[in-house]
Trainee: 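For reference, the structure I am asking about is given below.
Residue numbering restarts at 1 for every chain, and letters A, B, ... go by the order of the sequence lines.
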Amino acid sequence: MCGIVGLYLKNPSLEDRLGELFSPMLIEMTDRGPDSAGFAIYGDEVADGYVKLSLQHTNDRFPWADLATWLTDELGEEADLSEHATAAVIRVKATESAVRDLLEENYSDLRIMSIGRGIEIRKEIGLPQMVSDRFGLPDMKGTHIIGHTRMATESAVTTEGSHPFSTGMDLCLVHNGSLSNHNRLRSWLKRQDIKFKTDNDTEVAAGYLSWRLREGATLQEALETALCDLDGFYTFAVGTREGFAVLRDPIACKQAVMAETVDYVAMATEFRSLAGLPGIANARIWEPEPGQVYSWGRKAARTNKGT
Amino acid sequence: MNTVDLQKQSVRDLNHALHQLPEGNENVGWEILNPGGKHNIACGLDRELNIRVDGHAGYYCAGMNKRADVTVTGNVGVGVAENMMSGSVFVQGNAGQSAGATARGGLLVIDGDAAARCGISMKGVDIVVKGSIGHMGAFMGQAGRMVVCGNAGEALGDSLYEARIYVKGSVASLGADCVKKEMRGQHVQELQELLYANGLNENVSEFTRYGSQRNLYHFQVDNALAY
């Protein structure tokens with residue numbers, strides 16, 4: 001099972017309402033994935049040279065302020081902290097690798113959920129309604145967002161095993177389906193120095209994309225080779241700084257539906273998640289074809305049907 | 001005319017009401033408002049009813065239909081009219097995958113496109129798609145007829161038995177044991193009738209017939225590699 005949902009706004013005047021429009025989409029997928037939920041929201045970008053980190057810790061009462069102070073001292077740059085229930089967001093002037101290395105070396109129990117200019121990830125175990133309420137999703141603003149409701153099949157119900165999975169700067173992945181060659185692929189990727197924290201199959205897909213991008217592939221190229229290298233059934237939604245991309249496996253047995261109006265592009269596992277969106281009655285609605293990369297982004301605010 | 005608003009009433013209540021109607025209430029129209037992509041709308045009907053779903057429906061809309069005529073003004077999700085026995089289902093938008101799956105009779109008409117596996121294991125239904133169909137159309141189709149006015153995706157008619165397929169546009173690829181076939185008089189006539197009955201002003205000569213080569217469904221060891 002599992003449900004995935006995505007909403008990309010073409011009309012900037014809707015950006016203040018992104019969370020309000022998206023929260024019911026996520027909650028509608030509760031019976032496909034009641035054990036955990038998460039989302040990656042994009043917007044409120046930090047300036048050139050800065051990075052924004054979404055963090056969680058195994059300790060619910062982790063002293064985030066102390067971490068921000070320590071990071072400020074280490075980097076010699078002010079680390080700006082905001083706390084959001086069990087998550088924290090830090091904005092700081094640094095490179096991705098510098099801040100990642102520092103945190104991984106010194107805080108092994110810290111979970112770096114995302115790093116980027118615009119991305120923020122929130123995820124937790126519990127019903128999608130609880131996750132939405134806890135993080136105040138309806139009040140969040142941004143340009144685009146993807147989310148996931150999980151019914152675990154391949155690994156334990158934990159926050160780490162919840163989606164989205166970060167795959168690099170401003171990149172993340174949500175997945176509906178299951179991969180059958182994830183064990184062997186994980187051990188191969190480990191030898192390429194890709195790190196894994198769970199036994200989860202989707203984390204392997206995320207690690208695979210991270211590896212391909214690190215080797216210089218574009219997202220489009222990485223997704224196209226994923227069609228050969230990942231065995232199993234899946235619909236993926238990949239969040240990028242500019243928008244999001246959708247890919248179904250060549251058999252396409254995991255459902256997906258997309259809708260486009262002048263104001264937005266939305267995708268969901270089932271249409272009922274989209275039923276409450278404004279103007280949906282007159283939207284163009286279709287099922288994405290198998291093995292095709294569909295992507296939308298600010299640089300090309302139009303439907304890009306891949307090769 | 002009866003009106004049911006699915007924002008106020010559950011699909012279960014609607015279907016129960018339709019199932020409990022006494023015989024003789026035929027030709028009464030039912031209008032279903034705010035379907036909101038809900039699943040199983042108007043399933044398991046066995047009355048001569050005229051039902052209009054005003055909007056987009058979810059999975060298995062009009063599944064197992066018998067005798068009723070169901071029209072959906074929007075799109076439908078997975079498995080519209082699956083296992084239909086008789087009656088008709090009209091979709092004015094696009095259909096999700098497995099439209100008309102295993103259906104034994106009746107007529108399914110899709111004004112837009114149908115996604116993958118349209119008519120999978122069809123067993124006697126007539127399916128008319130005015131747009132295009134996705135991959136694996138009519139997979140294991142045993143009986144019935146499928147007309148596609150647009151294009152067909154990959155592996156059309158894979159492992160086909162005796163269903164007959166007519167496609168006007170391109171076919172991305174044919175599935176195992178499915179071949180292009182000659183349009184003989186009886187095929188021209190049946191296609192003409194199907195097009196005419198559905199108000200389609202298409203030229204029969206632009207269609208190609210596809211059917212089973214009949215090499216796979218009687219197992220021969222020589223063909224083992226083709227499975």
Trainee: So for P250(A), is it side chain, backbone, both, or neither that comes closer than 4.5 Å to the heavy atoms of chain B?
Mentor: backbone
Trainee: Looking only at N and O atoms, which donor-acceptor pairs between chain A and chain B are within less than 3.5 angstrom?
Mentor:
unit_1, atom_1, unit_2, atom_2, d
I251(A), O, R117(B), NH1, 3.1
I251(A), O, R117(B), NH2, 3.1
I251(A), O, H135(B), NE2, 3.0
A252(A), O, R117(B), NH2, 2.7
E270(A), OE1, H39(B), NE2, 2.4
R272(A), NE, H39(B), NE2, 3.4
I285(A), O, N94(B), ND2, 2.7
E287(A), OE2, Q97(B), N, 2.9

Trainee: Who pairs with A259(A) by side chain to side chain contact (heavy atoms under 4.5 Å, CB included), at least two apart in sequence or on another chain?
Mentor: L274(A), I280(A), A283(A), I285(A)
Trainee: State which residues pass ring pair (Phe, Tyr, Trp, His ring centres under 6.0 Å) with Y42(A); sequence neighbours excluded, sorted by chain then number.
Mentor: H144(A)
Trainee: Among the options A57(B), G112(B), G36(B), A95(B), pick out the one with the most heavy-atom pairs lying under 4.5 Å from chain A.
Mentor: G36(B)
Trainee: Using non-hydrogen atoms only, which part of A252(A) is less than 4.5 Å away from chain B: side chain, backbone, both, or neither?
Mentor: both
Trainee: Any salt bridge (charged side-chain N to carboxylate O under 4.0 Å, His left out) pairs touching residues 125-143 of chain A, not counting sequence neighbours?
Mentor: E124(A)-R134(A)
Trainee: For the interface with chain A, which of G134(B), G96(B), G58(B), G77(B) has the highest count of heavy-atom pairs at distances below 4.5 Å?
Mentor: G96(B)
